[in-house]
Amino acid sequence: SQGTFTIPAGTLTAVIGPNGSGKTTLLEVLLGLLPVASGTVRILGQLPGETDAIAYVPQDCTAAAGSALCARDMVALGLTGTSWGFRRTTAAQWKRIEETMRAVDAFDMIDQRLATLSGGQRQRVAIAQALVSEPKLLLLDEPLANLDLRNQREVISLLDRLNSTLGVTIIMVAHDLNPLLRVLDGAVYLLDGHAHYDTLNGVVDDALLTHLYGTPLHVVRTVQGDLFVRGE
């Protein structure tokens, strides 16, 4: 893919496109895990991989941690990394962990094992793990995947609140735009091998979305002013 675009700081942005278009690959480039063939990428004014102000929430990240791990220790990994089992967590770090879990409304599950938590609860723990290091940029790979409608709405409301209260820039890969339309500032869309950024008004366009997903789509505005995208 090729593209020249800038994502404004402080925004909540989706990365959209059909399966196989390179959405996760784009996140890997931003994280410095994949080099670009040509051109340059700057994240918060630095090259990818040179800043520690980025946090990443992959898909099903809590599943990889092991079901016996409790939520508190899962969040602690965001501060101590893979050495959590060997390096003592300080009192100040535990305080930061507790503050972060309160911020994502997960403090009531702090001592629960991950295996006992619902999908929505595990996603809150994953977001807390990412936020505990106080990043300026939060990247999420399909955070709504495998969540029911209620939990999708709760996670979206949480991300919207974190974006506005903490000022953290949020970029998230999304399969479906509809749940996000009320909170998005804009989107990166991957079309015909090129990446583009536009504001929400520029993205929610019948012709663009139809071309992007290869099926007729229409943008509808309700009498309450809400937007949603529907197929024929």
Side-chain angles (χ1 to χ4, degrees), residues 9-13 27 30-33 43-46 48-147 150-173 183 185:
T11 58
L12 202 163
T13 299
L27 293 193
L30 298 180
L31 290 165
L33 300 177
I43 310 295
L44 305 173
Q46 297 179 276
E50 289 187 351
T51 174
D52 58 2
I54 301 176
Y56 175 49
V57 181
Q59 292 188 43
D60 300 323
C61 71
T62 56
S67 59
L69 200 65
C70 76
R72 184 200 307 265
D73 290 335
M74 178 70 185
V75 177
L77 289 172
L79 289 177
T80 60
T82 57
S83 63
W84 67 276
F86 305 98
R87 190 172 70 197
R88 185 180 300 276
T89 304
T90 67
Q93 287 175 322
W94 283 127
K95 181 180 179 181
R96 173 62 190 161
I97 290 164
E98 292 177 359
E99 289 173 347
T100 305
M101 295 194 74
R102 289 185 190 278
V104 301
D105 299 325
F107 187 76
D108 60 339
M109 61 191 81
I110 193 168
D111 292 316
Q112 295 185 40
R113 290 187 299 115
L114 297 178
T116 68
L117 302 180
S118 69
Q121 290 173 322
R122 288 196 299 271
Q123 191 60 273
R124 287 178 182 275
V125 172
I127 293 170
Q129 183 196 65
L131 287 176
V132 73
S133 61
E134 300 182 85
K136 295 179 180 178
L137 173 61
L138 178 62
L139 305 177
L140 305 102
D141 192 358
E142 297 209 37
L144 307 182
N146 303 317
L147 297 183
R150 179 180 65 83
N151 279 302
Q152 283 187 6
R153 288 174 174 170
E154 289 182 355
V155 169
I156 291 166
S157 294
L158 171 62
L159 293 174
D160 184 39
R161 176 165 55 83
L162 294 172
N163 172 244
S164 60
T165 59
L166 301 181
V168 61
T169 303
I170 297 176
I171 301 174
M172 55 187 293
V173 170
V183 301
D185 296 300

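Since the model is a prediction, treat every value here as computed from it, not as a measurement.
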*Asks:* Give the minimum heavy-atom separation between Arg122 and Leu117, together with the two atoms involved.
*Replies:*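 Scanning both residues completely, I find the closest heavy atoms to be NH1-O, 2.5 Å.
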*Asks:* Grab the two heavy atoms, one from Gly78 and one from Ser133, that are nearest each other, plus how far apart they are.
*Replies:*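 Looking at all heavy atoms of both residues, the closest pair is O-CB, 3.9 Å.
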*Asks:* Taking atom CG of Asp108 as the centre, report whether more than 12 heavy atoms of other residues, nucleotides or ligands fall under 6.0 Å from it.
*Replies:*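 It does: Asp108 CG has more than 12 such atoms within range.
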*Asks:* Is Arg150 salt-bridged to Glu154, going by a charged N under 4.0 Å from an acidic O?
*Replies:*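 Salt bridge: yes.
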*Asks:* Hey, is the main chain of Pro143 close enough, under 3.5 Å, to the side chain of Gln123 for a donor-acceptor pair?
*Replies:*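 Yes: the side chain of Gln123 pairs with the backbone of Pro143.
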*Asks:* What pair of heavy atoms forms the shortest contact from Leu31 to Pro48, and how long is it?
*Replies:*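 Nearest heavy atoms, Leu31 then Pro48: C-CB, 4.4 Å.
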*Asks:* Does any non-hydrogen side-chain atom of Val183 lie less than 4.5 Å from one of Leu159?
*Replies:*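 Not in contact.
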*Asks:* Looking only at atom types and distance, does a side-chain atom of Asp185 sit under 3.5 Å from a main-chain N or O of Thr13, one as donor and one as acceptor?
*Replies:*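 Pair absent, no side-chain N/O of Asp185 close to backbone of Thr13.
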*Asks:* Within the distance-only criterion (no hydrogens, no angle test), does the side chain of Arg161 pair as donor or acceptor with the backbone N or O of Ala103 below 3.5 angstrom?
*Replies:*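 Checked: pair present.
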*Asks:* Using 0.5 Å steps for rounding, measure from the CD atom of Glu142 to the CG atom of Leu147.
*Replies:*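 If I round to the nearest 0.5 Å, the distance is 11.0 Å.
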*Asks:* Find the distance between CG (Leu166) and CD (Glu134) and round it off to the nearest 0.5 Å.
*Replies:*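 One finds 9.0 Å between CG of Leu166 and CD of Glu134.
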*Asks:* Without placing hydrogens or testing angles, list every side-chain donor-acceptor pair under 3.5 Å for residues 50-57, not counting sequence neighbours.
*Replies:*
unit_1: Thr51; atom_1: OG1; unit_2: Gln46; atom_2: OE1; d: 3.4
unit_1: Thr51; atom_1: OG1; unit_2: Ala53; atom_2: N; d: 3.0

*Asks:* Apply side-chain contact (heavy atoms from CB on, under 4.5 Å) to residues Leu12 and Met172 and explain how you reach the verdict.
*Replies:* CA-CA 8 Å; Leu12 202 163; Met172 55 187 293; 4.0 Å; yes
*Asks:* How long is the gap from CD1 on Ile97 to CG on Leu79, to the nearest 0.5 Å?
*Replies:*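 Reported value, rounded in 0.5 Å steps: 5.0 Å.
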*Asks:* What is the minimum heavy-atom distance between Arg124 and Val104, and which atoms define it?
*Replies:*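 Looking at all heavy atoms of both residues, the closest pair is NH1-O, 2.7 Å.
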*Asks:* Would you sort out whether Glu98 and Arg72 count as a side-chain contact (heavy atoms from CB on, under 4.5 Å), showing the intermediate values?
*Replies:* CA-CA 8 Å; Glu98 292 177 359; Arg72 184 200 307 265; 3.3 Å; yes
*Asks:* Would Leu30 and Leu139 satisfy side-chain contact (heavy atoms from CB on, under 4.5 Å), going step by step from the backbone distance to the final call?
*Replies:* CA-CA 9 Å; Leu30 298 180; Leu139 305 177; 4.1 Å; yes
*Asks:* What's the separation between atom OG1 in Thr169 and atom CG in Asn163, rounded to the nearest 0.5 Å?
*Replies:*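 Between Thr169 OG1 and Asn163 CG, I get 7.0 Å after rounding to 0.5 Å.
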*Asks:* Could you pull out the closest heavy-atom pair between Gln59 and Asp141, with the gap in Å?
*Replies:*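 So the two residues come closest at CG-O, 3.0 Å.
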*Asks:* Look up atom CD1 in Ile156 and atom CG in Asn151, then write down how far apart they are to the nearest 0.5 Å.
*Replies:*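 Rounded to the nearest 0.5 Å, the CD1-CG separation comes out at 11.0 Å.
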*Asks:* Examine distances only and state if a side-chain atom of Arg102 and a backbone atom of Phe107 form a donor-acceptor pair shorter than 3.5 Å.
*Replies:*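 Side chain of Arg102 to backbone of Phe107: no pair is present.
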*Asks:* Would Val75 and Ile110 count as a side-chain contact (heavy atoms from CB on, under 4.5 Å) here? Give the steps.
*Replies:* CA-CA 9 Å; Val75 177; Ile110 193 168; over 6 Å; no
*Asks:* Could you tell me the separation between the CD atom of Gln121 and the CG atom of Leu114, rounded to the nearest 0.5 Å?
*Replies:*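 So the gap between those two atoms works out to 10.5 Å.
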